[in-house]
Amino acid sequence: MSYFDAASAVPLHPVAREALLASLDEGWADPARPYREGRRARLLLDAAREAAAEAVGCRPDELVFTPSGTQAVHSAMSGTLAARRRVGRHLVHSAVEHSSVLHAAAVHEAAGGTVSEIGVDRTGRVAVGDLAAALRPDTALAALQSANHEVGTEQPVEEAAAACREAGVPLLVDAAQSLPWGPVSGAWSLLTASAHKWGGPPGVGLLAVRKGTRFAPQGPQDERESGRVPGFGNLPAVVAAAASLRAVRAEAAAEAVRLRELVDRVRARVAEAVPDAEVVGDPVRRLPHLVTFSCLYVDGETLLHALDRAGFSVSSGSSCTSSTLTPSHVLRAMGVLSEGNVRVSLPPGTPEGEVDRFLEVLPEAVRSVREQLGAPAAARPEAAPSPAAEHVVDALGKRCPVPVIELAKVIGDVPVGATLTVLADDEAARLDIPAWCGMRGQEYVGERAAGEGTAYVVRRLV
């Protein structure tokens, strides 16, 4: 079985395994105690903190370990927003942030705060000018990921940090996906990450708060982790996380070059061998190991099962949204096709032959799923059939990609210049019908409410 879902979690690094086993014997005591076992545990904790801080690019006393990357994000946001309450209660974040940021923003808004969401271009990248324009005198915090977890696009963090510093606003960077590949540049104020993204054990997150950043931890506090993370931490897991981060960084430069070449091969081959497929994300400014593409007339879940049977573990969009019936918020913000979405993220050490085998299996897997769903042929419709007073496709109660498939089947019956209305109540249709129009050279006119669903209007151009 080939595991191609490193963006969700990376298998435990050998160095992490060794460090974990060793520290189970040496690091079981309370590092806050002055006796010998406690001192030994404290030495391990201090060494882990120094190693992690070096990798992050901060001082050891600026970094604490949390039970998860999600909790690190929530703590960073709640602590900064509370500390800067007198400045204001305005929060700024991009539309493609991880769900942990979006959930914290929703809680902040429900409690009376205000939130501005910054859009992205079709590659998923934020314009620094848009971010800077959203900053106000009452802005308490801005949040921008270093690289996107679904499509791999890198964000202009250094320029964004400069804009935030000029406005006197702290910038929180979610570096969960990029930290294994290198430190985040720029004058960021807070940074979070998660160990299972680089081959450390799950259950360890990082939170860095640079000196000079106003921060007030929320909830009950104790003397541990600078008062920011209460409770007895999992020291063996922390030691393993820091050790594996150092090991991964030592290999990162060479492995990034190798994996980037393999991902480039996937990007090119998908565009050539899979009809009606769209490779999304920035082709250049991206993580080296991740590629995402979407296929017309394909149900993503069915395609993932087909690839699983063929021996490949891949993901569909974000792991935080693939279990829901709504399209990925990242793909929606980018305005790209969501149906048939596949995210391939290669773990370090992935053999070239496994990637080549995936590229051999993929076209047939897509063809088979399309055949099961009764999808039309890829060719564009011939011109000029008989006119009709009204052209309507009733796809109410049907999940995507069925509404798009039904649209594609009947577009050839619509005279050039005339319109067709698709009735659908699946939220994914709002994204996938306009995307289909863009891919097939038709005009998306717009939408309107229609009883229990929505009417999407398409004009035939070719």
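This is a predicted model, so every value here is computed, not measured.
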Has the side chain of [X] got a donor or acceptor atom that lies under 3.5 Å from a matching backbone atom of [Y]?
X: Glu62; Y: Arg59; value: yes
X: Arg286; Y: Pro283; value: yes
X: Ser294; Y: Leu337; value: yes
X: Arg258; Y: Thr350; value: yes
X: His108; Y: Arg89; value: yes
X: Arg332; Y: Pro327; value: yes
X: Ser194; Y: Ala176; value: no
X: Thr123; Y: Asp282; value: no
X: Thr213; Y: Arg210; value: yes

Could you tell me if [Y] and [X] have a donor-acceptor pair between their side chains, going purely by distance under 3.5 Å?
X: Glu154; Y: Ser178; result: no
X: Arg343; Y: Ser8; result: yes
X: Asp5; Y: Ser313; result: no
X: Ser2; Y: Glu354; result: yes
X: Thr153; Y: Asn148; result: no
X: His74; Y: Ser100; result: no
X: Trp436; Y: Tyr444; result: no

Residues two or more places apart in sequence or in another chain: which of them pass side-chain contact (heavy atoms from CB on, under 4.5 Å) with Ala32?
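So Ala32 forms a side-chain contact (heavy atoms from CB on, under 4.5 Å) with Asp30, Arg224.
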
Those residues that, when tested against Glu251, pass side-chain contact (heavy atoms from CB on, under 4.5 Å) (two or more places apart):
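Only His13 meet the side-chain contact (heavy atoms from CB on, under 4.5 Å) criterion with Glu251.
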
For the student: nearest non-hydrogen atoms of Ala41 and Gly27, plus distance
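The pair with the smallest heavy-atom distance is CB-CA, 4.4 Å.
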
Near [X] [atom1], under 6.0 Å, is it more than 12 heavy atoms from other residues, nucleotides or ligands?
X: Arg85; atom1: CZ; value: no
X: Arg17; atom1: CZ; value: no
X: Glu301; atom1: CD; value: no

Phe293 six-ring centre to Arg267 NZ/CZ under 6.0 Å and within 45° of normal:
no

Angle class for the His289/Trp181 ring planes (parallel below 30°, perpendicular above 60°, tilted otherwise)?
tilted

Going by the rule salt bridge (Lys or Arg N to Asp or Glu O under 4.0 Å), which residues pair with Glu26 if we only count those two or more places apart in sequence or in a different chain?
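Glu26 satisfies salt bridge (Lys or Arg N to Asp or Glu O under 4.0 Å) with Arg40 only.
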
